[in-house]
K.L.:
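So that we are looking at the same thing, I have put the structure below in structure tokens.
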Amino acid sequence: MLEVNFIRENKDFIVDSLSKRNMNSSLMIESVIDLDVRKRKLQTELDKILHQSNLISKEIGDLFKIGLQKEAIVLKEKTIKLKEASKELNEELISTKDELQQLLYKIPNIPHKSVPKGKSEEDNVEVLSEGEIPKLPVNSLPHWELAKKYDIIDFELGNKITGAGFPVYKGKGAKLQRALISFFLDMNTNAGYDEVQVPHLINEKSAFGTGQLPDKEGMMYYIKEDDLYLIPTAEVPVTNIYRDEIILESQLPKLLTSYTPCFRREAGSYGAHVRGLNRLHQFDKVEILRVEHPDNSYTALDGMVEHVKSIIKKLNLPFRILKLCGSDLGFTSCLTYDFELFSAGQNKWLEVSSVSNFESFQANRLKLRFKDSSGKTKLAHTLNGSSLALPRVLATLLENNQTDKGIVIPKVLVPYTGFSVID
RNA sequence: AGAGAGGUGGCCGAGUGGUCGAAGGCGCACGCCUGGAAAGUGUGUAUACACCAAAAGUGUAUCGAGGGUUCGAAUCCCUUCCUCUCUGCCA
């Protein structure tokens, strides 16, 4: 959520920046400003009335004390009128505030100045491409065939137990999953991220805090009885650790990592591009997250990109990094780098990580602030990234490393798996 | 899940209708004292919003959250969330 004061002072800049997202926000921005003017006016009026009312109430108390009942009763009538007026104003104020709030929720974050304009994912900019794309033998298979061949992932069994998009990992497949999780967590903690385990269900406040609500309500599984949502990403519970917190400047930055399963309804998804592990309703992901001083958030973003890069390189998988264009950029993000692995069995790129700087957009909703050296409270910046999401890493690994002797496990993972080949 | 108790500032803790944004203590910051430190001592120490060009200042709101009674609520009533104790259940 953008700050109203910022909007008020940077109207043209905002409309111009948001046009990168292919949206015309000028009407919205104008209404924000109008509503804000109205809100402040109402606030001032209301405060004045309440002030009067408070003064009179005090007087009434004093009059009662010295026994001047009659005078007190006269004053009482005065306050009754004030009360009526304040009630009306208050209602108007609340509805104006609410209207303003709802509107603010609808305005996406301002793309960073380096974000290219674009109409679709085609316009994302490749900033790096590394690693060799393997030349697979003619009889090579996509990962869902490999999964069946070696009996390591059972999609049908998942269908039986739950439904499509909930695979069952078996034997070496299950162990490989666990190995990847441990490996990623170790890489992250070695880089200074503190590991946390967080709830997999979140309340409404948390979902609002990171921006899943109200604009992405349909993406989350919802448990009506308890009014809770299943997490679509660890980002939500982990970031909400700092909701309503004021951190000392000296304690910044905060670096956290967490492994969680992620649950996504993915309503409307179907077809070949969601086959196998490509898109699931439940998947595992290790997330990294930072709370940063505003001056440092872009340096931190670069650091996160380097970190994710180093993990992928250790796995020896071909990858590329894209800078997302305006139209592909997430609602809450200022700047996002996507990591994609080349999956040789399907002959296409698969997104495995998304690293973003949200600047103060989430922090404003979360009321996540820090005190600077002069004692002023300011919004912090939040960043997060996958490090990494498992299924597509697994898919690529299976496909790219297939040989006639089985699937070769990358060296760095062998200490975690205890085996070096799936056959 | 049932019965009971309770949620007050960074922490502890007082406060059962007006003088309470809130005693007292601890902590923290700055100063005095000291050769230095401790002790002692003085001052300050929440957040949000509004007014103001801004600072100073002023106002409003906030005692888990939401609503109500009242001229006036931390204090009374209702709803809700959470915590603790006992009982039950359970990995």
Side-chain angles (χ1 to χ4, degrees), chain A residues 1-10 32-104 197-209 213 223-229 237 240-252 254 261 360 362-380:
Chain A
M1 189 166 67
L2 299 177
E3 289 176 279
V4 178
N5 288 344
F6 181 78
I7 294 177
R8 198 160 54 193
E9 283 154 28
N10 301 279
V32 166
I33 291 167
D34 288 349
L35 282 167
D36 179 54
V37 168
R38 202 161 101 208
K39 191 199 95 177
R40 279 156 46 215
K41 206 178 140 213
L42 288 166
Q43 174 102 55
T44 307
E45 275 177 59
L46 178 63
D47 284 357
K48 272 185 195 158
I49 289 177
L50 289 176
H51 177 48
Q52 278 184 28
S53 174
N54 284 344
L55 286 178
I56 296 174
S57 287
K58 243 176 219 170
E59 248 180 273
I60 292 172
D62 292 341
L63 288 173
F64 271 123
K65 244 183 237 164
I66 51 174
L68 298 172
Q69 319 277 352
K70 271 187 198 163
E71 286 78 354
I73 287 163
V74 173
L75 282 181
K76 264 195 196 184
E77 303 202 351
K78 238 184 177 177
T79 59
I80 288 169
K81 272 182 198 156
L82 285 174
K83 205 185 167 186
E84 275 168 19
S86 77
K87 206 168 186 177
E88 236 170 79
L89 272 175
N90 191 37
E91 272 166 24
E92 215 177 321
L93 179 62
I94 287 171
S95 75
T96 307
K97 270 186 181 170
D98 192 58
E99 207 179 320
L100 178 59
Q101 185 73 11
Q102 293 307 318
L103 193 58
L104 287 172
Q197 283 198 10
V198 290
H200 299 167
L201 281 84
I202 44 156
N203 59 28
E204 199 179 41
K205 255 193 173 171
S206 295
F208 267 99
L213 290 179
I223 294 157
K224 199 176 168 191
E225 204 174 2
D226 298 293
D227 198 18
L228 296 172
Y229 296 85
N240 273 281
I241 289 174
Y242 296 109
R243 171 154 50 84
D244 296 323
E245 296 286 331
I246 298 173
I247 300 172
L248 291 175
E249 190 175 29
S250 59
Q251 290 178 322
L252 290 176
K254 300 275 189 186
S360 61
Q362 287 183 330
N364 190 29
R365 285 201 192 183
L366 291 158
K367 297 288 166 268
L368 161 49
R369 292 154 296 171
F370 71 96
K371 254 197 208 312
D372 73 9
S373 45
S374 67
K376 272 193 179 167
T377 41
K378 290 180 182 163
L379 293 173

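The chains referred to below are lettered A, B, ... by the order of the sequence lines, with proteins before strands, and numbering in each begins at 1. No hydrogens, no waters, no symmetry mates; every other heavy atom, side chains included, goes into these values.
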K.L.:
Measure the distance from NZ on A:Lys58 to P on B:rG17 and round it to the nearest whole Å.
P.N.:
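Rounded to whole Å, this separation is 19 Å.
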K.L.:
Does a sphere of radius 6.0 Å around CD in A:Gln101 hold more than 12 heavy atoms from other residues, nucleotides or ligands, not counting ones at 6.0 Å or beyond?
P.N.:
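Atom CD in A:Gln101 is crowded, with more than 12 foreign heavy atoms closer than 6.0 Å.
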K.L.:
State the pairing partner of B:rU75; accept Watson-Crick or G-U wobble contacts with both distances under 3.5 Å, and report none otherwise.
P.N.:
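Here B:rU75 is not engaged in any pair, so there is no nucleotide opposite it.
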K.L.:
Can you tell me the pairing partner of B:rU60 across any strand shown, Watson-Crick or G-U wobble, with both distances under 3.5 angstrom?
P.N.:
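Across any shown strand, B:rU60 pairs with B:rA48.
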K.L.:
Nearest-Å distance, CD (A:Glu45) to C1' (B:rA61)?
P.N.:
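Spelled out: CD on A:Glu45 to C1' on B:rA61 is 17 Å.
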K.L.:
Just to be sure I understand the rule, does A:Thr377 reach a base, reach only the sugar-phosphate, or reach nothing, if contact means heavy atoms closer than 4.0 Å?
P.N.:
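Here A:Thr377 touches the backbone only, sparing every base.
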K.L.:
Take atom CD1 of A:Ile94 and atom C1' of B:rG67, then tell me their distance rounded to the nearest Å.
P.N.:
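One finds 11 Å between C1' of B:rG67 and CD1 of A:Ile94, rounded.
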K.L.:
RNA chain B: A:Lys76 or A:Lys367, which has the more 5' nearest nucleotide?
P.N.:
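This one resolves to A:Lys367.
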K.L.:
Using purine N1 to pyrimidine N3 plus N6-O4 or O6-N4 for Watson-Crick, or N1-O2 and O6-N3 for G-U wobble, each under 3.5 Å, what pairs with B:rG6?
P.N.:
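Paired with B:rC82.
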K.L.:
Distance check, rounded to the nearest 0.5 Å: A:Leu104 atom CG versus A:Leu100 atom CG?
P.N.:
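Rounded to the nearest 0.5 Å, the CG-CG separation comes to 4.5 Å.
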K.L.:
Using whole Å, what does the distance between atom P of nucleotide B:rA48 and atom CG of A:Asn364 come to?
P.N.:
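It is 12 Å, rounded to the nearest whole Å.
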K.L.:
Is there a Watson-Crick or G-U wobble partner for B:rU70 with both distances under 3.5 Å, and which nucleotide is it?
P.N.:
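Across any shown strand, B:rU70 pairs with none.
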K.L.:
Side-chain N or O of A:Arg40 versus OP1/OP2 of B:rC51: is the shortest distance under 4.0 Å?
P.N.:
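It does, given that an N or O in the side chain of A:Arg40 lies less than 4.0 Å from OP1 or OP2 of B:rC51.
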K.L.:
Tell me, yes or no, whether the heavy-atom count around A:Glu88 atom CD, taken from other residues, nucleotides or ligands under 6.0 Å, exceeds 12.
P.N.:
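No, the 6.0 Å shell around CD holds no more than 12 heavy atoms from other groups.
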K.L.:
In whole angstroms, how far is the P atom of B:rU62 from the CG atom of A:Leu46?
P.N.:
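So the CG-P distance, A:Leu46 to B:rU62, works out to 11 Å.
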K.L.:
What's A:Lys205 touching, base or sugar-phosphate or nothing? Going by heavy atoms closer than 4.0 Å.
P.N.:
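Here A:Lys205 touches no strand at all.
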K.L.:
Starting from the 5' end of RNA chain B, give me the residue, A:Lys83 or A:Leu55, whose nearest nucleotide shows up first.
P.N.:
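Its nearest nucleotide lies further toward 5', so the answer is A:Leu55.
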K.L.:
For B:rC89, which nucleotide in any strand shown is its Watson-Crick or wobble partner with both distances under 3.5 Å?
P.N.:
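Here B:rC89 is not engaged in any pair, so there is no nucleotide opposite it.
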K.L.:
When both hydrogen-bonding distances must be under 3.5 Å and the geometry is Watson-Crick or G-U wobble, what is B:rA37 paired with, if anything?
P.N.:
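Paired with B:rA37, as far as the under-3.5 Å criterion goes, is no nucleotide at all.
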K.L.:
Tell me what A:Asp62 touches on the nucleic acid: a base, only sugar-phosphate, or nothing, going by heavy atoms under 4.0 Å.
P.N.:
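Counting heavy atoms under 4.0 Å across all strands, no contact is made by A:Asp62.
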K.L.:
For A:Phe64 and B:rG18, give me the distance from atom CZ to atom P, rounded to whole Å.
P.N.:
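One finds 13 Å between P of B:rG18 and CZ of A:Phe64, rounded.
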K.L.:
When you compare the side chains of A:Asp47 and A:Thr44, does any donor N or O come within less than 3.5 Å of an acceptor on the partner?
P.N.:
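No donor-acceptor contact under 3.5 Å links the two side chains.
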K.L.:
Tell which nucleotide pairs with B:rU43, taking only Watson-Crick or G-U wobble pairs whose two distances are both under 3.5 angstrom.
P.N.:
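Partner of B:rU43: B:rA29.
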K.L.:
Can you check the A:Ile60 CD1 to B:rC71 P distance for me, whole Å?
P.N.:
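The distance from CD1 of A:Ile60 to P of B:rC71 comes to 8 Å, rounded to the nearest Å.
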K.L.:
Does NZ belonging to A:Lys78 count more than 12 external heavy atoms closer than 6.0 Å?
P.N.:
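No, because the 6.0 Å sphere around NZ of A:Lys78 holds 12 heavy atoms or fewer from other groups.
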K.L.:
Should A:Asn54 be listed as having a side-chain N or O under 4.0 Å from OP1 or OP2 of B:rG72?
P.N.:
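Looking at the OP1 and OP2 atoms of B:rG72, neither is under 4.0 Å from any side-chain N or O of A:Asn54.
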K.L.:
Measure CG/A:Asp47 against P/B:rU62 and give the value in whole Å, please.
P.N.:
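Result: 12 Å.
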K.L.:
Looking across every strand, which nucleic acid part, if any, lies under 4.0 Å from A:Ser57 by heavy atom: base, sugar-phosphate, or nothing?
P.N.:
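It contacts base atoms.
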K.L.:
Would you indicate which nucleotide in B:rC71, B:rU60, B:rA48 comes nearest to any side-chain atom of A:Arg369?
P.N.:
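That would be B:rA48.
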K.L.:
When rounded to the nearest 0.5 angstrom, what is the spacing between CD in A:Glu84 and OG1 in A:Thr79?
P.N.:
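Reported value, rounded in 0.5 Å steps: 10.0 Å.
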